[in-house]
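Right, one structure below, let's go through it.
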Amino acid sequence: MTRRNNARVAGFMFLFYIATGITSLILFRQATGGAEGTAATLASIAQHPTTVRLTAVLTLLAFFDAVVLAVALYGLTRDQDPDLAMIALCCRIGEGVLSAAAAVRTLGLISVATASTVASPDGAAAQALGALLLKQDGWSGTVGAACFAVGSTLYCWLFLRARSIPTWLAWLGVLGSALLVAALPLQMAGFLRGPVTYYVWIPIAVFEVIMGFLLLFKGLRPAGAAGAAPAVG
């Protein structure tokens, strides 16, 4: 694809990926009904199998979102440093693969949730398995986020070096992504808990929304031309 087409695809995918993730989160919360505890959560899932299946579809769609976005960003940054761009590509694809695996676990939750409602020894075992699957979703999300953070940091650094987007926006992307690179391992290790684990996402969320609209409607400046008009081809 041309540079302009890659920019448009990347811009659209930034925004579509965000919309996919938010919709999936809303649907899953509807399926669980705000229940507290494993037993109540599984009981709610068993009552809303269609909603959970839609969540799984959106989670699988996130795999394609991540891959298409990664390839488009690679096309925009490989001329600056093909090796760093390839590492970033692999990180973002790894993020997508973890989303695909999460879709499998989400579908598995339906069967486990149904079995957990049965008053039998198997029902108790199903609740234990359900608790593990619910925890794995959180673990997988954190690991996938770490892959995202590394890939995003590299892509933003390449945009900064190329001066193909506004400098302030490139720095916002670099620093916002680097903040996640530092915070997520601390979260995995148990040193970072509470609301701060959500607040650290604010800078990169702002960056991605602005970047999405910028690439979709304006494209990139010619590499190295900080004051030049956006490229059109």
Side-chain angles (χ1 to χ4, degrees), residues 9-10 13-32 35 38 41-46 48-74 85-116 125-155 177 180-181 183-190 192-193 197-198 200-201 204-205 208:
V9 169
M13 294 311 301
F14 268 123
L15 302 175
F16 187 68
Y17 199 172
I18 293 171
T20 301
I22 292 175
T23 304
S24 176
L25 181 62
I26 291 173
L27 286 177
F28 192 74
R29 286 185 175 178
Q30 288 179 349
T32 57
T38 300
T41 300
L42 292 176
S44 183
I45 289 174
H48 302 88
T50 301
T51 304
V52 177
R53 290 183 186 278
L54 288 175
T55 301
V57 171
L58 290 173
T59 305
L60 176 60
L61 182 58
F63 162 77
F64 296 102
D65 293 345
V67 170
V68 173
L69 178 57
V71 172
L73 292 175
Y74 174 78
M86 179 59 71
I87 295 173
L89 173 72
C90 292
C91 289
R92 297 303 302 263
I93 290 178
E95 167 200 348
V97 170
L98 287 169
S99 290
V104 176
R105 285 194 300 275
T106 300
L107 290 173
L109 272 173
I110 299 174
S111 297
V112 171
T114 301
S116 72
Q127 284 199 19
L129 178 57
L132 178 60
L133 290 176
L134 289 169
K135 288 181 180 179
Q136 281 185 335
D137 275 340
W139 299 335
S140 178
T142 303
V143 174
C147 293
F148 157 81
V150 174
S152 180
T153 302
L154 292 174
Y155 277 136
S177 301
L180 291 176
V181 172
L184 288 168
L186 293 176
Q187 183 180 344
M188 292 171 64
L192 196 64
R193 298 187 179 92
T197 60
Y198 299 101
V200 295
W201 284 92
I204 196 61
E208 292 211 337

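Computation of the quantities below employed the complete heavy-atom set of this structure, encompassing side-chain atoms and omitting hydrogens, waters and symmetry-equivalent molecules.
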Under 3.5 Å: donor-acceptor pair, side chain of Thr55, backbone of Thr51
yes
Please find the pair of heavy atoms, one from Ala56 and one from Ala103, that lie closest to each other, and give the distance.
O-CB, 3.5 Å
Has Thr106 got a side-chain atom pairing as donor or acceptor with Ala102's backbone, closer than 3.5 angstrom?
yes
I want to check something: taking the side chain as every heavy atom from C-beta on, are Thr59 and Phe28 in contact at a cut-off of under 4.5 Å?
no
Stepwise, does the side chain to side chain contact (heavy atoms under 4.5 Å, CB included) test hold for Leu69 with Tyr155?
CA-CA 11 Å; Leu69 178 57; Tyr155 277 136; over 6 Å; no
Between the side chain of Thr23 and the main-chain N/O of Ala19, is any donor-acceptor distance below 3.5 Å?
yes
Do Phe16 and Leu61 make a side-chain contact, defined as non-hydrogen atoms from C-beta onward lying under 4.5 Å apart?
yes
Between Ala66 and Tyr17 the two heavy atoms that sit nearest each other are CB-OH, 3.7 Å
Taking the side chain as everything from C-beta on, heavy atoms only, tell me whether Leu89 gets closer than 4.5 Å to Met86.
yes
Working for side chain to side chain contact (heavy atoms under 4.5 Å, CB included), residues Val71 and Arg92:
CA-CA 9 Å; Val71 172; Arg92 297 303 302 263; over 6 Å; no
Is it the case that more than 12 heavy atoms not belonging to Arg53 sit under 6.0 Å from its CZ atom?
no
Roughly how far, to the nearest 0.5 Å, is CD1 of Ile22 from CG of Leu27?
12.0 Å
In Å and rounded to the nearest 0.5 Å, what is the CD1 to CG distance from Ile110 to Leu42?
12.0 Å
Which atom of Cys147 lies closest to which atom of Glu95, heavy atoms considered
CB-N, 4.0 Å
Quick one: are Ile45 and Thr114 in side-chain contact, heavy atoms under 4.5 Å?
no
Write down the atom of Leu98, the atom of Ser140, and the distance for their closest heavy-atom approach.
O-OG, 3.7 Å
Quick one, Leu192 with Leu184, criterion side chain to side chain contact (heavy atoms under 4.5 Å, CB included). Give me CA distance, side-chain angles, the key distance, then yes/no.
CA-CA 8 Å; Leu192 196 64; Leu184 288 168; over 6 Å; no
Once you round to the nearest 0.5 Å, how far does CG of Leu154 lie from SG of Cys91?
6.5 Å
Supply the atom-to-atom distance Leu133 CG to Thr41 OG1, rounded to the nearest 0.5 angstrom.
12.5 Å
Okay, side chain of Ser99, backbone of Phe63: is any donor-acceptor separation there less than 3.5 Å?
no
Intermediate values then yes/no, side chain to side chain contact (heavy atoms under 4.5 Å, CB included), Phe14 and Leu73
CA-CA 10 Å; Phe14 268 123; Leu73 292 175; 4.0 Å; yes
Just by distance, do the side chain of Ser24 and the backbone of Thr20 share a donor-acceptor pair under 3.5 Å?
no
How long is the straight-line distance from CG of Leu107 back to CZ of Arg105, given to the nearest 0.5 Å?
11.0 Å
